[in-house]
Amino acid sequence: MEQLRLNAIDKVNGSVTLPGSKSLSNRVLLLAALCDGVTQVNNLLDSDDIHHMLQALAQMGVEVELNEDKTSARVFGQGGRFKTPSEALFLGNAGTAFRPLTAVLAASQGQFTLIGEPRMEERPIGHLVDALHALGADIQYLKNQDYPPLQVNGCAIEGGEVEIDGSISSQFLTALLMAAPLFVKDTTIRIKGELVSKPYIDITLGVMAQFGVTVSHDNYQVFHVKGQQGYVSPGAIMVEGDASSASYFIAAAAIAGGEIEINGVGRKSVQGDIGFAKVMEQVGAVIDWHDEKLVVRKGELKGVDIDANAIPDAAMTLATVALFATGKTAIRNIYNWRVKETDRLYAMATELRKVGAEVTEGHDFIEITPPDTFNLAQIDTYNDHRIAMCFSMVAVGGVDVIINDPGCTAKTFPTYFEVLSSVSQ
Ligand SMILES: O=C(O)C1=C[C@@H](OP(=O)(O)O)[C@@H](O)[C@H](O)C1
Ligand SMILES: C=C(OP(=O)(O)O)C(=O)O
């Protein structure tokens with residue numbers, strides 16, 4: 001296994017330009033494929049999760065022209081007339097590909113087998129499939145009930161009234177919302193349980209609106225979508241920088257001395273994870289806010305106690321910032337960390353303890369008290385890009401650290417360690 005030793009970093013300084021948002025890139029690609037006509041996508045993320053979506057679209061006969069570094073694409077939409085692929089669609093561990101494709105393909109013509117990495121077979125999808133079954137979709141579980149892989153036999157879906165459980169993942173509602181305009185009649189979607197990760201629904205509604213479909217909702221409890229609407233290409237679309245990826249540079253500048261200018265997200269960001277910058281201000285970071293950039297400097301960092309349900313991805317970064325804050329940090333209401341790339345509550349607790357922190361791992365929370373003295377730790381990354389990126393903060397805090405399998409950042413940020421090194425001194 002490859003290992004990366006990161007030596008203690010004294011100071012960070014410089015400027016980074018964020019890669020495009022994963023959440024926006026995969027939504028835009030799928031809706032562009034559903035339009036008639038060409039969509040020019042700029043600042044597309046070039047990472048594994050996006051390659052899986054692109055590969056699936058190619059297998060279904062959608063032509064996409066990529067530029068040389070794969071950061072812009074011309075998508076030749078075919079109004080959702082997908083070809084039945086000759087092989088299964090392999091979607092890796094990309095939730096933003098697997099969940100929306102399941103719903104959209106269920107409402108398309110053709111037969112599709114959706115498979116993923118072994119971890120994808122442990123990530124639930126039952127709440128989405130239940131809702132689609134209730135609407136008449138033909139979807140079968142190929143291994144275990146409620147989990148991928150799936151056989152999706154597309155058919156006309158009538159629409160109507162449907163309930164969906166929102167308590168494990170917002171991606172199920174996102175998927176249903178994206179598919180609903182393709183249904184024959186209007187659809188009313190009611191949320192069962194507490195809707196988690198709510199800001200991702202705003203991302204979905206925003207992208208759908210850019211493609212000509214508006215959705216009304218009553219306080220995120222009931223959503224109304226008109227049937228038989230075609231998505232309309234906006235012509236060209238710019239993907240903003242990835243706010244979850246920004247969290248590592250916000251944290252790095254807050255922990256180490258120096259200043260980092262982060263280009264690609266700012267006060268105009270449509271991504272909920274921009275909320276991490278506000279949390280870091282509470283922790284003590286000094287941040288200048290611009291429309292599309294942040295400038296971040298070190299402050300006196302102190303532990304905070306937050307509900308992180310709205311920012312599950314960026315909140316992981318707070319768990320390693322906690323190592324360099326005074327007092328205890330508590331991150332609450334994050335049960336669904338357990339069903340992502342790995343069981344992130346268990347993994348975070350285990351790896352933070354290796355560094356020397358005192359950690360309490362609860363059913364849906366984690367509490368971290370920083371160590372008096374740090375250990376030189378070998379961090380296991382569990383094939384989870386965010387664990388690898390989060391633990392680089394140990395070096396940023398002035399402590400050597402070894403990251404096992406650093407290549408796992410390829411899921412969303414293949415060049416992460418190079419970019420970090422470009423601002424490290
Ligand atoms: O819709 C999206 O783009 C995402 C939603 C979130 O998932 P959950 O809704 O499952 O929390 C987030 O963790 C994931 O990385 C991306
Ligand atoms: C949870 C994540 O990914 P996915 O889109 O596969 O759910 C993530 O990127 O942290």
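Predicted, not measured: the structure shown is a model, and the values here were computed from it. Each ligand, and each atom within it, is numbered from 1 in the order the structure gives. Index from 1, following the sequence.
In this structure, atom 2 (C) of ligand 2 lies nearest to the protein heavy atom E341 OE2, 3.0 Å. Here the heavy atom of the protein found nearest to atom 10 (O) of ligand 2 is R386 NE, 2.6 Å. Protein heavy atom nearest atom 16 (C) of ligand 1, with residue, atom name and distance: Q171 NE2, 3.4 Å. Looking only at heavy atoms of the protein, atom 2 (C) of ligand 1 is closest to Y200 CD2, 3.3 Å. From the protein, the heavy atom lying nearest to atom 1 (O) of ligand 1 is R27 NH2, 2.7 Å. Looking from atom 9 (O) of ligand 1 to the surrounding protein, the closest heavy atom is S170 OG, 2.5 Å.
Within a 6.0 Å sphere centred on CD of Q109, heavy atoms belonging to other residues, nucleotides or ligands number 12 at most.
Side chains of T204 and R27: a donor-acceptor N/O pair is present below 3.5 angstrom, by distance only. Between the side chains of D384 and T342, no donor-acceptor pair of N or O atoms lies under 3.5 Å.
For ligand 2, one of its N or O atoms has an N or O atom of G95 under 3.5 Å away. Checked by distance only, ligand 2 and K22 come closer than 3.5 Å through their nitrogen or oxygen atoms. By the 3.5 Å distance cut-off applied to N or O atoms, K340 is not counted among the residues near ligand 2.
Remark: ligand 1 atoms within the under-4.0 Å shell around heavy atoms of S23 are 2 (C), 3 (O), 16 (C). Atom numbering of ligand 1 starts at 1 in the shown order; those under 4.0 Å from a heavy atom of S197 are 8 (P), 9 (O), 11 (O). Numbered from 1 in the order shown, with element, the atoms of ligand 2 that lie under 4.0 Å from a heavy atom of Q171 read 4 (P), 5 (O), 7 (O). Counting atoms of ligand 2 from 1 in the listed order, those under 4.0 Å from a heavy atom of H385 are 8 (C), 9 (O), 10 (O). Close approach of ligand 1 to T96 is summarised as follows: ligand atoms under 4.0 Å from at least one heavy atom of the residue are 2 (C), 3 (O). Proximity to A94 (heavy-atom distance under 4.0 Å) selects the following atoms of ligand 2: 6 (O). Those atoms of ligand 2 with a heavy atom of T96 less than 4.0 angstrom away are 5 (O). Proximity to S169 (heavy-atom distance under 4.0 Å) selects the following atoms of ligand 1: 8 (P), 9 (O), 10 (O). Distances below 4.0 Å separate heavy atoms of N93 from the following atoms of ligand 2: 6 (O). Per-residue contacts place R123 under 4.0 angstrom from the following atoms of ligand 2 (heavy atoms of the residue considered): 4 (P), 6 (O), 7 (O).
Considering only heavy atoms from C-beta on, N144 stays 4.5 Å or farther from E121 through its side chain.
A ring-centre distance under 6.0 Å is not found for Y248 and F391. Checked against the 6.0 Å centroid criterion, the rings of Y416 and F249 qualify as a close aromatic pair. Between Y335 and H363, the ring centre distance stays below 6.0 Å.
Of all the heavy atoms in I311 and G272, the pair that sits closest is CG2-O, 3.4 Å. I331 approaches A308 most closely through the heavy-atom pair CG2-CB, 3.6 Å. Residues T381 and N404 approach most closely at OG1-O, 2.7 Å, considering heavy atoms.
Not a single heavy atom of M316 sits closer than 4.0 Å to an atom of ligand 2. In this structure, R344 has a heavy atom closer than 4.0 Å to ligand 2.
Among D313, L173, T174, the residue whose heavy atom lies nearest to atom 12 (C) of ligand 1 is D313. Taking only non-hydrogen atoms, the option from R344, K340, K411 nearest to atom 7 (O) of ligand 1 is K340.
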Using the rule given for side-chain hydrogen bond (donor to acceptor under 3.5 Å, both in side chains), can you reason through S21 versus E240, listing the C-alpha separation, both sets of side-chain angles and the distance that settles it, and then say yes or no? CA-CA 6 Å; S21 150; E240 71 176 40; over 6 Å; no
Working note: V162 + R190, criterion side-chain contact (heavy atoms from CB on, under 4.5 Å); need CA distance, chi angles, decisive distance, verdict. CA-CA 6 Å; V162 67; R190 279 174 213 286; over 6 Å; no
Kindly determine whether D165 and S167 satisfy side-chain hydrogen bond (donor to acceptor under 3.5 Å, both in side chains), including the steps that lead there. CA-CA 6 Å; D165 193 319; S167 63; 2.6 Å; yes
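Side-chain atoms of D307 come within 3.5 Å of backbone atoms of N309 as a donor-acceptor pair (strictly under, hydrogens ignored).
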